[in-house]
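Notes for the one structure printed next.
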Number of protein chains: 4
Amino acid sequence: MAAPARKKPVKRRRSPIQSRGQATVDVIVEAAAQILARQGPAAATTNAVAARAGVSIGTLYQYFADREALLVEIGRRHVAEMQAVLAGALAGIDGLDLPAAVDRLVAAIVASHRVSPRLHQALHQSLARDHLDTIDAFEVAVEAMVRQALAARPELDLAAPELTATVLVRGLGGLIRTTIRREPERLDDPALAIAMRAMILGTLAGSRRGA
Amino acid sequence: MAAPARKKPVKRRRSPIQSRGQATVDVIVEAAAQILARQGPAAATTNAVAARAGVSIGTLYQYFADREALLVEIGRRHVAEMQAVLAGALAGIDGLDLPAAVDRLVAAIVASHRVSPRLHQALHQSLARDHLDTIDAFEVAVEAMVRQALAARPELDLAAPELTATVLVRGLGGLIRTTIRREPERLDDPALAIAMRAMILGTLAGSRRGA
Amino acid sequence: MAAPARKKPVKRRRSPIQSRGQATVDVIVEAAAQILARQGPAAATTNAVAARAGVSIGTLYQYFADREALLVEIGRRHVAEMQAVLAGALAGIDGLDLPAAVDRLVAAIVASHRVSPRLHQALHQSLARDHLDTIDAFEVAVEAMVRQALAARPELDLAAPELTATVLVRGLGGLIRTTIRREPERLDDPALAIAMRAMILGTLAGSRRGA
Amino acid sequence: MAAPARKKPVKRRRSPIQSRGQATVDVIVEAAAQILARQGPAAATTNAVAARAGVSIGTLYQYFADREALLVEIGRRHVAEMQAVLAGALAGIDGLDLPAAVDRLVAAIVASHRVSPRLHQALHQSLARDHLDTIDAFEVAVEAMVRQALAARPELDLAAPELTATVLVRGLGGLIRTTIRREPERLDDPALAIAMRAMILGTLAGSRRGA
DNA sequence: AATGAATGAGTTTTCATTCAT
DNA sequence: CATGAATGAAAACTCATTCAT
């Protein structure tokens, strides 16, 4: 059920001992993320990153064994940020009734995808297959969360709650990413949110044990 | 409604009307597609492509202005192939009742995504942003098709048929692509097809004018 | 009895098809050998070699997979040249009586070591352990030759002819190389040749079955 | 008679008279020697040396002006060690008769070459031409010693005692080093020691004034 | 004295692309 | 049209060395 997972370990290098080093790492990662988001993967050469970070190329390699390690670190931080946004937008959802909870979920997932969508896509394009799980981690987490939420509502009477969670989350995620890529402005259209709610509620209804 | 779309034109070179040239183009495109699918974007250098095609690098540039043009052509053919598979799997769907039609649709979309999924992903990773619409064309076409199909069934009484089509198609597509990438073997699981049907039918029911 | 020999194969690249390519290879190899001999291993960067050869760096890598492959090729040619000189200087040795033959041999080995001694040493310094056998090949060949020559003179009555050959050749070679490195001008000293003859004849006499 | 010898001076930094500094120097030198011997010249970067020595890179440069200075110091110590082994193995040789003395000498030279042969070779490969005399110093000393020993035995009646010493020592040294590099295990073969004795005694006999 | 973060010139190597034959 | 030798800008990465703390 799990993915192949022969991911070769990401080679980090010197974990900074002094606080100065930590600041440098941040500067580098942010510079790289910016270039990636604004100019795309091809522009994010290690030299360009170092230059924009205001750091020498040697310094970059003090902290990252190679370009891929830098990309992975960006991915990790990006996922963490998305998760933070999601968690924030999801606060207090437990007390809500189903329709309200679904609205919250939709809003939360959309909000989390608004975090640097260009970076998100650039990471998808530049990470090696071995490391794509770094960004997949976000959706994996969301799936777990939704799975749990569905389990907590037995009144939904789902035939296969876990599968339903998977289908919902992946479907929703794909929909949002495709829309961001092809029609970014449309993400603000309230009609879309309504349609997504309809999709979720409908899917839940259609996934009942009896159906 | 559409994306920014300042796509720089794809420079193709002499369109070979003669059969000899056509054959050469085919050989090149197939060689490139194979490398892309089997070894990934990084391995698909123009020299490697020419070598595998059994053609000199000069000949490659006789037919393609640059590497990107070659990638775009591969994308076009890949999309055409997916569409062909889709069309084949969809034959006779018009006469079916809704549940049967939905099953057909699910099967058809899944089938079309089985066409070189590795190539599909490689294209996603290697095409420049300007040219991603080449592969997006597939889903655009499916959306149009589904939009039409929904319009032909007024008894569904949809509040926003076009939007529902969009949501369904993009959601389904994203779900399938994510699953292929992360759990490829799961695509064969009949439970998944059932869940997808539930999602579609549920979404249609949940998108009624009254809901 | 043989060396470990897990030598990783030398990656050559395109063997030139056109004669132009062969000429290019020659130019590159000669440029590299010159830099190596005159300025030492550190100066023989691939860029410096390409520049001196009047060729672009890309061309160098068309013919040599990496720097090491170039070094190995230089080594091969150097050894071939040494062997050619040796063979030339050894012509007609078979008919001579022992003292005359020994003189010839000494002169021949000395002469072969006069072929680019600086290059010889630079190769010793720059070749990876895996590839040192490339230049060792010369002495291996000389050992074989001398072994055969000793075998052809049973009147020498050697207790261990093969070992004697080994000792003689390696001793002689080391003596010559050390002398070249530390007192190059001394190689012209006739007294040295006389001393080497004494060493050889003495060693042969001292290695008799009875001794 | 000597080599060109325009050796640029080895810049050492503060000679640490205090024991703390001396200990640090020792640690650094030993770390470097170990890396050199085990992993070869390429692995012996200054940073790697400092790391293995458990010292900061800054400290390394406190004691050595540059990498070359460190290498030279390693060379000096290595030579000292070889000489110590040689001296130890040679103790009491003066009282022996010729054959016994020769056996002693052979054993002693072999023993001294067993001191870190990998390091010996690594030094040969990494020292700049200007500093090769650092390790050549060993053989220079041996030559002096043998020259003296031969002078002390006028009964040998040598035509050119000094030259004979040179030829013997360099030949022997080259033979041993070549054998170590190409067939290390053979150094333990008693037959080789016998052959070397034959070579020495034979050479002495063949180098008589009358010969 | 010791530290270790930072430097950046310099190295190897790749690969899309051109053009003389 | 086809060939393939040649190009060279540019990429990733290394490592000896410096210097502020």
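Values reported hereafter were calculated over all heavy atoms of this structure, with side chains retained and with hydrogens, waters and symmetry mates removed. Lettering of chains follows the sequences in order, A, B, ..., and the numbering in each one begins at 1. In this text, all values refer to a predicted model and were calculated from it rather than measured experimentally.
Residue B:T45 places no side-chain N or O under 4.0 Å from the OP1 or OP2 atom of E:dC15. Residue B:Y63 has a polar side-chain atom (N or O) positioned under 4.0 Å from OP1 or OP2 of F:dA2. Considering only side-chain N and O atoms, C:T24 lies under 4.0 angstrom from the phosphate OP1 or OP2 of F:dA6. Under 4.0 angstrom from either OP1 or OP2 of F:dT7 there lies at least one side-chain N or O belonging to C:S56.
When heavy atoms are screened at a 4.0 angstrom cut-off, A:N47 is found touching base atoms of the nucleic acid. Contacts of B:T46 with the nucleic acid, taken as non-hydrogen atoms under 4.0 Å apart, include base atoms. Within 4.0 Å of C:T59, counting heavy atoms only, lies at least one base atom of the nucleic acid.
Between C:D66 atom CG and F:dA12 atom P there is a gap of 20 Å when expressed in whole angstrom units. In this structure, D:I57 atom CD1 and E:dA1 atom C1' are separated by 15 Å, rounded to whole Å. Atom CD in A:E68 sits about 10 Å away from atom P in F:dC13, given to the nearest Å. If you measure from atom CD of C:Q22 to atom C1' of F:dA6, you get 16 Å, rounded to the nearest angstrom. Between the P atom of F:dC13 and the CZ atom of C:R67 lies a distance of 20 Å, rounded to the nearest Å. The interatomic distance linking B:F64 (CZ) with E:dC15 (P) rounds to 20 Å, in whole Å.
Salt-bridge formation is not detected for the pair D:R77/D:E81: no Lys NZ or Arg NE/NH1/NH2 atom is positioned less than 4.0 Å from an Asp or Glu carboxylate oxygen.
Each of C:A44 and D:G58 was assigned the nucleotide of DNA chain E with the nearest heavy atom; the assignment lying further toward the 5' end belongs to D:G58. Comparing A:A42 and C:L60 by the nucleotide of DNA chain F whose heavy atom lies nearest to each, the residue mapping closer to the 5' end is C:L60. If B:V55 and A:A48 are placed on DNA chain F by their nearest nucleotide, the residue sitting closer to the 5' end is B:V55.
Using the Watson-Crick or G-U wobble rule with both distances under 3.5 Å, F:dT21 pairs with E:dA2.
The base of F:dA6 lies close enough to the side chain of C:Q62 for a donor and an acceptor atom to sit less than 3.5 Å apart.
Interatomic distance, C:E30 CD to C:I35 CD1, rounded to the nearest 0.5 Å: 12.5 Å. If you take NE2 on B:H124 and OG1 on B:T134, they are separated by 10.5 Å, rounding to the nearest 0.5 Å. Rounded to the nearest 0.5 Å, atoms CD (C:Q39) and CZ (D:R129) are 10.0 Å apart.
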Verify side chain to side chain contact (heavy atoms under 4.5 Å, CB included) between C:H131 and C:L71, making sure each step is shown before the conclusion. CA-CA 9 Å; C:H131 294 306; C:L71 292 176; over 6 Å; no
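Nearest nucleotide to the A:Y61 side chain, out of F:dA6, F:dA16, F:dC13: F:dC13.
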